[in-house]
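Step one of this worksheet: look at the structure below.
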Amino acid sequence: MAKQQQNAISPARDKNFPEWYQQVVRASDMAENSEVRGCMVIKPWGYGLWEQIQAQLDVMFKETGHKNAYFPLLIPVSYLEKEATHVEGFATECAVVTHHRLELQDGKMVPAGKLSEPYVIRPTSETIIGAAFARWVQSYRDLPLLINQWANVMRWEMRPRLFLRTAEFLWQEGHTAHETPEQAMEETCKMHGVYEEFLREHLAIPVIPGEKTEGERFPGALNTFTVEAMVQDRKAIQAGTSHFLGQNFSKAAGIDFEGREGKREFAWTTSWGVSTRLIGTLIMAHGDDDGLIIPPRVAPTQVVILPIIPKEEVREEVLAACHQLEEKLRAESAWNAPLRVEVDERDLGGGVKNWEWIKKGVPVRIEIGPRDLEKGSVAVTRRDGGHRDKSFIASDEAVAQMAETLLSIQSNLLERALAFREEHTKELQSAEEFYAFFTPQNSGQPEIHGGFALGHWGGTAEEEEALQKESKVTIRCIPSDPELRGESGVCVITGKPAEGRVVFAKAY
RNA sequence: CGGGGCGUAGCUCAGCUUGGUUAGAGUGCCUGGUUUGGGACCAGGAGGCCGAAGGUUCGAAUCCUUUCGCCCCGACCA
């Protein structure tokens, strides 16, 4: 059957972005929906990506003085109740464990052994880690306490979507306690900076760092900092958050210590996290109509070698050449790590294998066939170029250039994403401009429209909520960059005086 | 929780309005052969008690009732 379609993914991004997204996840073989409502099965290619993200972030956390630890999955309900805003924020999405035994009744297993106090499956661990911190902190000499946990959490979301919003997801949560508010704030900002750098340098996703408005804050936090990315339907996605919790949680959990002056004081705490949502962000930021494109720095496999075996007689020879190349490439390194290379020996015909790897978004494909053996050449194809753009180069040259090629793909992806964001970021002066920017032509089935809008905001929390209800536009952040923030002016929506500009966008 | 839609082969779905042998297609899978530098072809084969329970009927994937689950749009969502 002749191939009819030009691109691997249907529909194209500009036809139906949400559907495109689902198709990319499926075609890349990263994850699938499971039989458990809202919970995904992360398959090897997706989990491999998460492992890279995890390993590279972990290095950054360690470099900034943090240590990993692990806390219970189950949290006594009473812990959550200790912080009023916090419990309010999470109450509606908690999965609750009420029993500890099953009994067979009429052929069915029914819960028995009711717990005197129910547990929730952690939606986040501030409270239970706080309880541990309360035991660990006695003196100002025990501070700062810098802990990170890699874990799964559960939030009973109403509308799950693979990677973007699932009931169970994987994440990392940093929890720290400090002697002074200044130190806690410094920590909050430091990790905010780590996220910004990680997104930009590792995932090739440019973000706008900034502070959340009151209404968008983490339940119980005094300040929430966010890094906001734009994806290809021009919506914003919160990619990582860092919270300054003040003394709210230390008071709730009793994290107090004897200070330098001999007085009893409550610690100042922070928390910060990123999740498997980063994978969803990456898909939507870089993918194209042929599927996923993974930035080389985090790709589970950076280079795949595809043997071309037209005749059985050449099989051994071709495979030997492939493995030889594999060895040579593995001796090279990029970003201080050996190249991650794989030979795909599966006996599949035609371009099937090639297309699979295109859809998986592997950064570089190398084909080796009998003709190459004669000439000592290989065919190299970059995922960020046209999928027929092969360069035939000498095998040794390919080895020598590979690290540079990967760096080049990485920076190309970042530049592309940055150019896209700039193209769809607009400065607004008036409410008319605001509505012109954010109103789709076709309200029934909105086309891709809008983007990031920079404009002055001087409204109240209530006015912000009303704006969101009416236009679906939210204030993504108050940007940290003074240039984006700008001078004081007049609020584009309310006409009231405004300290500076904010980033408006529709969001995931 | 409101509005809409859907449960039939691993996957995507047709068949149902108008009940009638052994329930279909494409794709995927297995076997053999021809192929192989961009999604190949031929032949053969395996795979489904039609989401579940009850009812109507000589006869139910199809009609009726109940129930469970999923998807989409809202509401909700650090």
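Protein chains get the first letters and strands the later ones, always in sequence-line order, with residue 1 at the start of each. Hydrogens, waters and symmetry mates are skipped; everything else that's a heavy atom, side chains included, is used.
- Residues A:Phe133 and A:Ile147 form a side-chain contact, since some pair of their non-hydrogen atoms from C-beta on lies under 4.5 Å apart.
- Using a 4.5 Å heavy-atom threshold, the side chains of A:Ile366 and A:Leu325 count as touching.
- Comparing B:rC76, B:rG39, B:rG37 by their nearest atom to the side chain of A:Pro370 picks out B:rG37.
- Between B:rG10 and B:rG3, the distance separating the two P atoms is 34 Å to the nearest Å.
- Place A:Gln22 and A:Gly215 on RNA chain B by their nearest nucleotides, and A:Gln22 ends up nearer the 5' end.
- Side-chain contact, A:Glu345 with A:His323: a donor N or O sits under 3.5 Å from an acceptor N or O.
- Side-chain polar atoms of A:Glu19 and A:Gln23 form a donor-acceptor pair below 3.5 angstrom.
- Taking atom P in both B:rG69 and B:rA52, the straight-line distance is 15 Å, to the nearest Å.
- Each of A:Asn148, A:Asn68, A:Asp58 was checked for a side chain to side chain donor-acceptor pair (under 3.5 Å) with A:Gln172, and the lone residue meeting it is A:Asn148.
- Base engagement by A:Trp171 is indicated by at least one non-hydrogen atom pair under 4.0 Å involving a base atom.
- Contact annotation for A:Lys390: base contact, defined as any heavy-atom pair under 4.0 Å involving a base atom.
- In this structure, A:Glu312 atom CD and B:rU36 atom C1' are separated by 11 Å, rounded to whole Å.
- Comparing the P positions of B:rU27 and B:rG44 gives an interatomic distance of 15 Å, to the nearest angstrom.
- One C1' atom belongs to B:rA46, the other to B:rC30, and the distance between them is 7 Å to the nearest Å.
- Sorted by residue number, the members of residues 123-131 of chain A with any non-hydrogen atom under 4.0 Å from RNA chain B read A:Pro123, A:Thr124.
- Look at NZ on A:Lys353: it is 13 Å from P on B:rA40, rounded to the nearest Å.
- In this structure, the NZ atom of A:Lys235 is 16 Å from the P atom of B:rC77, given to the nearest Å.
- A cation-pi arrangement is found for A:Arg161 relative to A:Tyr21, the charged atom lying closer than 6.0 Å to the ring centre and inside a 45° cone about the ring normal.
- Here the OH atom belonging to A:Tyr47 is positioned 5.5 Å from the CD atom belonging to A:Gln54, to the nearest 0.5 angstrom.
- Remark: A:Thr224 OG1 to A:Glu214 CD distance equals 11.0 Å, nearest 0.5 Å.
- The strand RNA chain B forms stems, runs of 3 or more Watson-Crick or G-U wobble pairs with distances below 3.5 Å, at B:1-7 with B:68-74, B:10-13 with B:24-27, B:29-34 with B:40-45, B:51-55 with B:63-67.
- A cation-pi contact, defined as under 6.0 Å to the ring centre and within 45° of the axis, links A:Lys360 to A:Trp357.
- Candidate nucleotides B:rG39, B:rC77, B:rC76 were compared by shortest atom distance to the side chain of A:Lys469, and B:rC76 ranks first.
- The distance from atom CZ of A:Arg388 to atom C1' of B:rG39 is 10 Å, rounded to the nearest whole Å.
- For the C1' atoms, the distance from B:rC70 to B:rU8 is 15 Å, rounded to whole Å.
- Listed pair A:Lys472 / B:rG74 meets the phosphate criterion, a side-chain N or O lying under 4.0 Å from OP1 or OP2.
- Below 30°, between 30° and 60°, or above 60°: for A:Phe249 and A:His86 the angle between ring planes is above 60°, a perpendicular geometry.
- Counting only heavy atoms from C-beta on, A:Ile308 has its side chain closest to B:rG37 among B:rG37, B:rA40, B:rC76.
- Minimum atom distance to the side chain of A:Arg371 is reached by B:rG37, of the listed B:rG39, B:rG37, B:rC76.
- The separation between A:Gln468 atom CD and B:rA75 atom C1' is 12 Å, rounded to whole Å.
- As judged by a 4.0 angstrom heavy-atom cut-off over every strand, A:Arg365 is placed among the base-contacting residues.
- In this structure, A:Phe61 and A:His66 have perpendicular ring planes: the angle between them is above 60°, well past the 30° mark.
- For the pair A:Phe90 and A:Val36, nearest-nucleotide mapping onto RNA chain B gives the more 5' position to A:Val36.
- One interatomic measurement links the two molecules: CG of A:Asn33 to P of B:rG10, which rounds to 18 Å at whole-angstrom precision.
- Distance from the side chain of A:Glu367 is smallest for B:rG37 among the nucleotides B:rG37, B:rC77, B:rC11.
- Considering only side-chain atoms of A:Ala379, the nucleotide from B:rG39, B:rC76, B:rG37 that sits closest is B:rG37.
- Separating the C1' atom of B:rA9 from that of B:rU18 is a span of 27 Å, rounded to the nearest Å.
- One interatomic measurement links the two molecules: NZ of A:Lys506 to P of B:rG74, which rounds to 11 Å at whole-angstrom precision.
- At a threshold of 4.0 angstrom between heavy atoms, the contacts of A:Asp372 include nucleobase atoms, whether or not backbone atoms are also involved.
- Using a 4.0 Å heavy-atom distance criterion, A:Glu356 is classed as making no nucleic acid contact.
- Across B:rG39, B:rC77, B:rU36, the shortest atom-to-atom separation from the side chain of A:Glu93 is found for B:rC77.
- For B:rG28 and B:rG39, the C1' atoms lie 14 Å apart once the distance is rounded to whole Å.
- A donor atom on one side chain and an acceptor atom on the other are not found under 3.5 Å apart for A:Arg217 and A:Asn223.
- The P atoms of B:rA60 and B:rU17 are separated by 14 Å, rounded to the nearest whole Å.
- If you measure from atom CD1 of A:Ile237 to atom P of B:rC77, you get 17 Å, rounded to the nearest angstrom.
- Picking from B:rA40, B:rG37, B:rC76 the nucleotide with the shortest atom distance to the side chain of A:Val352 gives B:rA40.
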